[in-house]
Amino acid sequence: MELIYAAEKLEDQCTSVKAASKLFGGDAVLARSLLARINALKQAETIKDIIVQPTFHFHKLEKKGGRDLEGYFAIDVKSRREQWRIIIQPLNEEGNPYIPCQIDQIAGSVKIVEIAEVSKHYE
């Protein structure tokens, strides 16, 4: 799959062990796990390859703190026990978000995702 990053700093955090470790306050295990998840996203042919793997815990996001997250999804950086999530948005062949985003219908054809953020989304 093709990955597009919302910001240059975010791309650095997702591709550099040093930057990822800094993001996680020096936690090297979380940093390696983030880079492994990013690698898995890159290796996937479509987003369906990620959805079908229970360890990623792919799930839909909704409104949070006034933010409308319709069309965004999250996967765990490491596990359900960790609070860190990778927030992604499926994009069509032109690089635009699907509106509305019916993931069950498009999963087999989504080959581009935007990495919107890596955060403790539920805090």
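Remember, predicted model here, so these are calculated numbers, not experimental data.
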Query raised in the report: Can you tell if the side chain of Lys78 reaches within under 4.5 Å of the side chain of Arg37, non-hydrogen atoms only?
Result: no

Query - Cys101 to Gly71 - nearest heavy-atom pair and separation - result: CB-CA, 3.9 Å

Query raised in the report: Which atom names give the shortest non-hydrogen contact between Ala31 and Ser21, and what distance separates them?
Result: CB-N, 3.5 Å

Query raised in the report: Can you list every ring-ring contact (aromatic ring centres under 6.0 Å, His included) pair that touches residues 25-48, not counting sequence neighbours?
Result: none

Query raised in the report: Can you check side-chain contact (heavy atoms from CB on, under 4.5 Å) on Lys60 and Glu70, steps first, answer last?
Result: CA-CA 8 Å; Lys60 182 178 182 175; Glu70 183 68 34; 3.8 Å; yes

Requested in this report: Could you give me the CA-CA distance, side-chain angles and deciding distance for Asp76 and Arg85, then say whether side-chain contact (heavy atoms from CB on, under 4.5 Å) is met?
Outcome: CA-CA 5 Å; Asp76 297 341; Arg85 305 288 179 265; 3.2 Å; yes

Requested in this report: Output the distance between atom CD1 (Ile50) and atom CD1 (Ile88), rounded to the nearest 0.5 Å.
Outcome: 7.5 Å

Query raised in the report: Is the side chain of Thr46 donor-acceptor paired with the backbone N or O of Lys111 at a distance under 3.5 Å, no angle test?
Result: no

Requested in this report: Might you confirm whether atom OH of Tyr72 has over 12 heavy atoms from other residues, nucleotides or ligands at distances under 6.0 Å?
Outcome: no

Report task. Would you give the length of the straight line joining atom CD1 of Ile86 to atom CD of Glu117, rounded to the nearest 0.5 angstrom? Result -> 11.0 Å

Query raised in the report: Hey, does the side chain of Thr15 reach the backbone of Glu11 with a donor-acceptor pair shorter than 3.5 angstrom?
Result: yes

Query - Exam field: side chain His59 to backbone His57, donor-acceptor pair closer than 3.5 Å - result: yes

**Report entry** Note, Val113 side chain near Leu91 side chain (heavy atom, < 4.5 Å)
**Finding:** no

**Report entry** Nearest heavy atoms of Leu34 and Ala20, plus distance in Å
**Finding:** CD2-CB, 4.1 Å

Query - Side-chain heavy-atom pair Pro90, Ile103 within 4.5 angstrom cut-off - result: yes

Report summary line: Met1 and Val110 have their tightest heavy-atom pair at SD-O, 3.7 Å

Query - Test item: Phe56 and Asp49 side chains (from C-beta on) under 4.5 Å apart, heavy atoms - result: no

**Report entry** Side-chain heavy-atom pair Gln13, Lys22 within 4.5 angstrom cut-off
**Finding:** no

Query raised in the report: Between Tyr98 and Leu69, is there a shared hydrophobic cluster once you connect ILVMFWY residues whose side-chain heavy atoms come closer than 4.5 Å?
Result: no

**Report entry** Residues forming a side-chain hydrogen bond (donor to acceptor under 3.5 Å, both in side chains) with Asp27, sequence neighbours excluded
**Finding:** none

Report task. Give, for atom CD1 of Ile112 and atom CD1 of Ile47, the distance between the pair rounded to the nearest 0.5 Å. Result -> 11.5 Å

Requested in this report: Please answer: with hydrophobic residues joined when any side-chain heavy atoms are less than 4.5 Å apart, are Tyr5 and Leu41 in the same cluster?
Outcome: yes

Query - Nearest-0.5 Å distance that lies between atom CG in Leu10 and atom CG in Leu23 - result: 9.0 Å

Query raised in the report: Heavy atoms, side chains only, cut-off 4.5 Å: are Leu35 and Val17 in contact?
Result: yes

**Report entry** Plane angle bin for Phe73 and Phe58 - parallel if under 30°, tilted between 30 and 60°, otherwise perpendicular
**Finding:** parallel

Query raised in the report: Under 4.5 Å between any side-chain heavy atoms of Ile115 and Ile87, yes or no?
Result: no

Requested in this report: Spell out, as yes or no, whether a donor-acceptor pair under 3.5 Å connects the side chain of Ser109 to the backbone of Ile106.
Outcome: yes

